[in-house]
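Values below: all heavy atoms of this structure, side chains included; hydrogens, waters and symmetry mates excluded. Position 1 is the first residue of the sequence, and the numbers go up from there. In listed order, ligands and their atoms are each counted from 1.
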Amino acid sequence: MDITALTLSAAAQGIRERAFSISDLVGAYLDAIAEKDGAIHAYLDVFEDAREAALEADKKIAVAHPLDIETLPPLFGMPIAVKDNILVEGKQATAGSKILEHYTASYDATAIRKLKEQGAIVLGKTNMDDSAMGSSTEYSAFGPTKNPHDLTRVPGGSSGGSAAAVAAGMAIASLGSDTGGSIRQPAAFCGVVGMKPTYGAISRHGLIAMASSMDVIGPLAKTITDAEMLFSAIAGPDAFDATASPVKHSMFDKDMKRLRIGIPKEYFGAGLDAEVEKAVRGTIQKAEKAGAQVEEITLPHAHLALPAYYIIVPSEVSANLARLDGQRYGHHAAYADTLYDVYARSRDEGFGIEVKRRIMLGAYALSAGYYDAYYLKAQKVRRLIADDFIKVFERVDIIAGPTTPAPAFPLGSRSNSPLEMYLADIYTVAVNLAGLPALSMPAGTSATGLPIGLQLIAPRHADKKLFDIAKRIESLV
Ligand code: GLN
């Protein structure tokens with residue numbers, strides 16, 4: 001048996017039944033990484049010391065009373081990959097950027113602390129677009145990740161490494177971060193489940209900030225159940241993050257006849273690939289056949305989401321990334337004469353092209369003469385977009401549509417065209433502007449075998465309900 005083929009929940013069960021050891025499991029994943037990651041490049045750093053952690057965990061199981069084994073935390077011994085913008089104490093945290101190339105994290109992010117408390121084992125740090133800006137992982141300062149389904153195509157981004165690791169059987173599940181689609185879009189491209197929690201459902205403490213009003217950590221996994229296991233382990237309030245909030249119970253009563261699904265007509269217009277449309281509509285029809293009520297809805301300000309996002313995000317980026325000045329963290333240009341030169345050269349050498357573009361755009365949008373015209377206007381649009389969703393959720397439980405306009409695109413085909421790259425997130429960014437929970441789940445493949453993702457969007461704090469509805473739909477596919 002290839003134990004890397006098991007889901008997280010099945011592997012956790014296998015450990016409890018002593019069908020195999022945690023060392024077997026962790027060893028199988030490290031071997032898979034050694035064998036496959038040369039071609040895929042999902043990892044920036046692989047932790048060989050995970051083998052020792054696995055041995056220690058096996059020792060605990062060996063001496064445990066059978067009753068104690070039953071009550072082990074769900075993630076005990078599970079090998080998890082972590083995006084390289086989430087801090088793991090004593091390990092590198094580059095955020096995919098040259099400016100943090102030699103930075104070592106001095107503490108665990110709250111999400112990592114909670115994983116470790118459950119006994120999960122971190123396998124390594126995954127590749128990503130520079131500072132989480134991008135949709136293909138090609139902006140990584142350390143070379144692109146390849147899509148495991150087709151090595152000539154991108155895995156999506158910015159959590160491309162985390163998605164590819166799960167898709168290729170090189171991690172049982174992983175953590176990513178989603179500011180505008182960076183969990184859902186690569187999940188769709190790689191054929192895995194990716195969940196963006198309600199803003200604040202998971203603490204941002206120890207997540208390297210991109211746009212603080214939208215950033216959120218979330219799980220990527222093989223199944224909805226697995227993603228929920230990971231989510232439940234790390235969600236909840238945190239003294240280190242005032243925006244971290246409790247998660248509500250599911251209000252889904254499991255009767256498909258009472259499920260009302262809204263289909264936004266704006267997500268099925270021009271620009272949507274025919275195969276994606278067919279696969280997504282086909283999956284929704286299965287839910288309808290199972291009894292769900294499906295109705296067309298409208299999100300009238302959907303077309304303004306991308307423009308508003310690309311004012312607000314660069315604005316927050318320009319403020320957040322000011323701390324990377326060559327003095328306190330990361331890359332320091334040694335040969336500069338003046339303090340100004342240290343800042344300018346360190347930042348020039350350290351940041352990639354897309355990051356520089358956003359810092360400039362953001363500084364411009366926030367400048368005295370333009371603040372009202374751009375930033376303030378974008379914030380007003382953000383409110384309209386959030387209100388669109390509130391109105392729709394008076395009528396439906398969940399919104400369903402495509403995660404991306406098309407399946408994974410070829411490497412190199414968009415990296416010179418920022419606008420083309422931004423368009424990969426056209427269906428995902430509104431969710432971040434509104435702070436809602438959403439996920440992408442596999443909904444079939446194209447004729448050439450490329451995965452297609454179905455996106456489900458739920459009201460704020462309805463993360464559990466989102467998982468429950470997604471599990472019902474998953475069982476129909
Ligand atoms: N691709 C989007 C961007 O470049 C989303 C990034 C993200 O969610 N981190 O902003």
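Using modelled atom types and a 3.5 Å distance limit, the side chains of Thr448 and Ser446 yield a donor-acceptor pair.
Contact check on Arg113 versus Glu89 returns no salt bridge, with no Lys/Arg side-chain nitrogen under 4.0 Å from an Asp/Glu carboxylate oxygen. Electrostatic pairing of Lys356 and Asp348 counts as a salt bridge here, judged by a charged N lying under 4.0 Å from a carboxylate O. The existence of a salt bridge linking Lys91 and Asp45 is excluded, since no basic side-chain nitrogen approaches an acidic carboxylate oxygen closer than 4.0 Å. A salt bridge does not link Glu275 with Lys278: every distance from a Lys NZ or Arg NE/NH1/NH2 to an Asp or Glu carboxylate oxygen is 4.0 Å or more. Classification of Arg281 and Glu277 as a salt-bridged pair holds, one side-chain N sitting under 4.0 Å from a carboxylate O. Ion pairing between a basic and an acidic side chain is recognised when a charged N comes within 4.0 Å of a carboxylate O; Asp468 and Lys471 show such pairing.
Listed by number with element, the atoms of ligand 1 under 4.0 Å from a non-hydrogen atom of Gly180 are 5 (C), 7 (C), 8 (O).
Heavy atoms of Met210 found under 4.0 angstrom from ligand 1 belong exclusively to the side chain.
Here the CD-OG1 distance, from Glu474 to Thr283, works out to 11.5 Å after rounding to the nearest 0.5 Å.
Taking any N or O of Val313, backbone or side chain, none lies under 3.5 Å from an N or O belonging to ligand 1. Every N/O-N/O distance between Lys83 and ligand 1 stays at or above 3.5 Å. Not one N or O of Ser177 is nearer than 3.5 Å to an N or O of ligand 1, by distance alone. Residue-to-ligand polar distances place Gly134 within reach of ligand 1: an N/O pair is separated by less than 3.5 Å.
For atom 1 (N) of ligand 1, the nearest protein heavy atom (residue, atom name, distance) is Asp425 OD2, 2.6 Å. Ranking protein heavy atoms by distance to atom 4 (O) of ligand 1, first place goes to Arg358 NH2, 2.7 Å. In terms of protein heavy atoms, atom 6 (C) of ligand 1 is closest to Ser182 OG, 2.8 Å. Looking at atom 10 (O) of ligand 1, its nearest protein heavy atom turns out to be Tyr309 OH, 2.6 Å.
Heavy atoms of Lys196 come nearer than 4.0 angstrom to ligand 1 in no pair at all. The closest approach between Tyr422 and ligand 1 stays at or above 4.0 Å for every heavy atom of the residue.
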